[in-house]
Amino acid sequence: MKTQQNILVIGAGLCGSLLALRLGQRGYNVTVYEMRTDLRKTDISAGRSINLAFSNRGNKAIKLVGLEDQVKELCIPMNGRMLHDKESNTFLSNYSGRDYEYINSISREKLNSLLLTEAEKYDNVAIHFNKKCNSVDFENTTAHFQDYITKEEFIEDADCIIATDGAGSALRKSYYLERKFLFSFSQNYLTHGYKELSILPSETGDYKTYKNALHIWPRGDFMVIALPNLDGSFTVTLFLSYAEGEYNFNNLTTPEIVTEFFQKEFPDALELMPNLVKDFFENPTAPLGTVKCSPWHYKGNTLLMGDSAHAIVPFYGQGMNASFEDVVEFDQVLEANKDADWETIFTAYEKTRKKDTDAIADLAIDNFHEMKDHVGQAIFQEKRKIEMALEKEFPEDYSSKYSLVTFNENIGYREAMLKGRAQDKAILKMLADGVISASDDIKDILDKVKIETEAILDDHKVAGLG
């Protein structure tokens, strides 16, 4: 395939800007259309996550495009979860027993801006803003746009179209509305929504609480989390049911009730947030949903990538990382199929990728329940204590489910999920049955965990679950 081919990318968010940069580096002619205005010239965060968790799978993509050093400057390392109970006690639970494994808090805006600027350095990459895609004619490989400012409507054609336009993708919508091929689509919402709040820097510009952790206030059916920003602030997110429980988004309607809720459930957070009421009523409440669909492509004409193909809830901190890994996987398929047509490439990409994106979607929902509830339970804390000891003493022989997903970027999400879930089940079962305890000989624990994990994996294979 000649790289002079014209590729149209819909959406210049994190995935789209990274994809445009990589395709530009490969020599393709790339045109990107973005619905929103240029985020480098105006603040457009409104309700979207200001910062994100950036980890190994995402960094694999950043290495691919040669930006590792620039991105590192935007990162704040987070070594673990800082748990806050209702009595304002704190407990730091590391993400890994290996000191060199940690996740990072990174600014969505700064990272996106960097990728856009780098992509525009290539003469064969053009990025246009304020252009909304209304629909895609996937049989004729054309996309219908409207300019937000002039209201002018126009059509763009290309050799292929790749949609990285997020959970509300215009291409995905065209796939199921046109009904021209068998297209499966599901969109499932949690009963919970989220609202962004903030902990502002101190008067001297310092962090008001421990900087290098992801803070969690787990409360069973709801929670608050906080991630650090480079300016000394924290982005705080409240995850809460819309309608269930004593307090929910539907009944938090006055400053008094909101303050009462935080005073009762998150007193130490409230002390750091004199701006709580202002943030609460100014910022929108947004839903949390999972999107799965298939196929991602139509012939060799169009392809869904990133959130447009597989939007997930944010509880594993893998949404951006998974979308970045999409670009790495796609790049590998391009490399392995240099003389192939787009249909061959798109088919091969989806075959290798979809099983892993389905897995991380399921894992993200698992972690929702873990973060809001399980992390506060004694048996879970004993399990984490054992896992940290195993990773510390036997760094080559054991990785927890979290480590497999977050730090082992060379295995797929599905493999990480199957092995990680089996390990979790093994440790929790043996703890409950008194077969192991955190005070036992660590080598003895490792041997027992390995045997029990293998037995569970074998059972799953027999049952057709492996």
Side-chain angles (χ1 to χ4, degrees), residues 53 78-95 105 190-202 207-228 233-281 283 285 288 313-317 365-385 387-388 402 428 431-432 438:
M78 298 185 293
N79 298 304
R81 297 167 171 166
M82 181 69 80
L83 306 176
H84 299 248
D85 68 17
K86 287 175 78 166
E87 285 71 47
S88 302
N89 300 308
T90 58
F91 169 72
L92 182 62
S93 173
N94 280 355
Y95 284 124
S105 177
L190 294 179
T191 55
H192 288 55
Y194 73 96
K195 187 182 286 283
E196 298 255 319
L197 307 165
S198 61
I199 295 173
L200 300 176
S202 70
Y207 293 91
K208 288 182 181 175
T209 186
Y210 182 63
K211 171 185 175 182
N212 296 110
L214 188 155
H215 293 257
I216 307 181
W217 288 258
R219 296 298 181 262
D221 289 324
F222 52 90
M223 65 174 164
V224 160
I225 69 168
L227 276 74
S233 69
F234 287 81
T235 300
V236 179
T237 311
L238 169 64
F239 297 98
L240 182 68
S241 173
Y242 278 102
E244 297 168 4
E246 181 184 357
Y247 298 98
N248 55 62
F249 278 126
N250 289 350
N251 68 24
L252 290 176
T253 54
T254 68
E256 292 76 19
I257 297 172
V258 170
T259 304
E260 174 191 296
F261 172 47
F262 269 73
Q263 184 65 61
K264 183 177 175 182
E265 298 290 346
F266 316 109
D268 58 332
L270 181 61
E271 283 182 26
L272 308 175
M273 301 169 69
N275 49 305
L276 168 66
V277 168
K278 180 177 181 287
D279 283 349
F280 193 93
F281 290 103
N283 294 343
T285 304
L288 295 159
V313 294
F315 302 107
Y316 231 107
I365 292 172
D366 285 355
N367 221 39
F368 169 55
H369 300 293
E370 181 173 309
M371 289 172 72
K372 70 183 173 60
D373 186 12
H374 304 166
V375 291
Q377 297 175 4
I379 191 169
F380 181 86
Q381 290 176 359
E382 190 171 9
K383 171 178 147 316
R384 286 301 290 163
K385 189 175 178 182
E387 289 188 313
M388 292 301 99
Y402 187 89
L428 288 169
L431 280 172

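All heavy atoms count here, side chains included; hydrogens, waters and symmetry mates do not.
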| request: Assess the pair Phe280 and Phe262: is the distance between their ring centroids shorter than 6.0 Å? | output: no
If you define the side chain from C-beta out and look only at heavy atoms, does anything of [X] sit under 4.5 Å from [Y]?
X	Y	answer
Met78	Pro228	yes
Phe234	Ser105	no
Arg384	Met388	yes
Asp85	Phe91	no

Could you state the interatomic distance from [atom1] ([X]) to [atom2] ([Y]), rounded to the nearest 0.5 Å?
X	Y	atom1	atom2	answer
Thr259	Ile257	OG1	CD1	10.0 Å
Asn212	Tyr207	CG	OH	8.0 Å
Asn89	Leu83	CG	CG	11.5 Å
Gln263	Leu270	CD	CG	5.5 Å
Leu190	Ile365	CG	CD1	6.0 Å
Thr237	Leu197	OG1	CG	7.5 Å

| message | Evaluate Asp279 against Asn275 for side chain to side chain donor-acceptor pair (under 3.5 Å), listing each step before the verdict. | response | CA-CA 6 Å; Asp279 283 349; Asn275 49 305; 2.8 Å; yes
| Should we count NZ of Lys208 as having more than 12 external heavy atoms under 6.0 Å? | yes
| request: Look only at the side chain of Glu382 and the backbone of Ala438, and say whether a donor-acceptor pair between them is shorter than 3.5 Å. | output: yes
| Are any side-chain N or O atoms of Asn250 and backbone N or O atoms of Tyr242, one a donor and one an acceptor, separated by less than 3.5 Å? | yes
| request: Decide, yes or no, whether a salt bridge links Lys383 with Glu387 under the criterion of side-chain N to carboxylate O below 4.0 Å. | output: yes
| Parallel under 30°, tilted from 30 to 60°, perpendicular over 60°: which one fits the rings of Phe239 and Tyr194? | tilted
| task | Evaluate the ring planes of His215 and His84, with Trp represented by its six-membered ring, and classify them as parallel (under 30°), tilted (30 to 60°) or perpendicular (over 60°). | result | tilted
Testing the basics here: between [X] and [Y], what is the closest heavy-atom pair and its distance to 0.1 Å?
X	Y	result
Ser88	Asp268	OG-CB, 3.5 Å
Asn283	Glu196	ND2-O, 2.7 Å
Ile199	Leu272	CG2-O, 3.7 Å

| message | Does Phe249 form a side chain to side chain contact (heavy atoms under 4.5 Å, CB included) with Phe222? I'd like the steps, not just the answer. | response | CA-CA 11 Å; Phe249 278 126; Phe222 52 90; over 6 Å; no
| query | side chain to side chain contact (heavy atoms under 4.5 Å, CB included) between Glu246 and Glu265: does it pass, once the steps are laid out? | reply | CA-CA 12 Å; Glu246 181 184 357; Glu265 298 290 346; 5.7 Å; no
| For residues Asp221 and Ser241, is any side-chain donor paired with an opposing acceptor at under 3.5 Å? | no
| message | A cation-pi test, strictly: NZ or CZ of Arg219 under 6.0 Å from the centre of the six-membered ring of Tyr247 and no more than 45 degrees from its axis. Yes or no? | response | no
| request: Decide yes or no on side chain to side chain contact (heavy atoms under 4.5 Å, CB included) for Asp366 and Tyr316, but give the supporting numbers first. | output: CA-CA 9 Å; Asp366 285 355; Tyr316 231 107; 5.7 Å; no
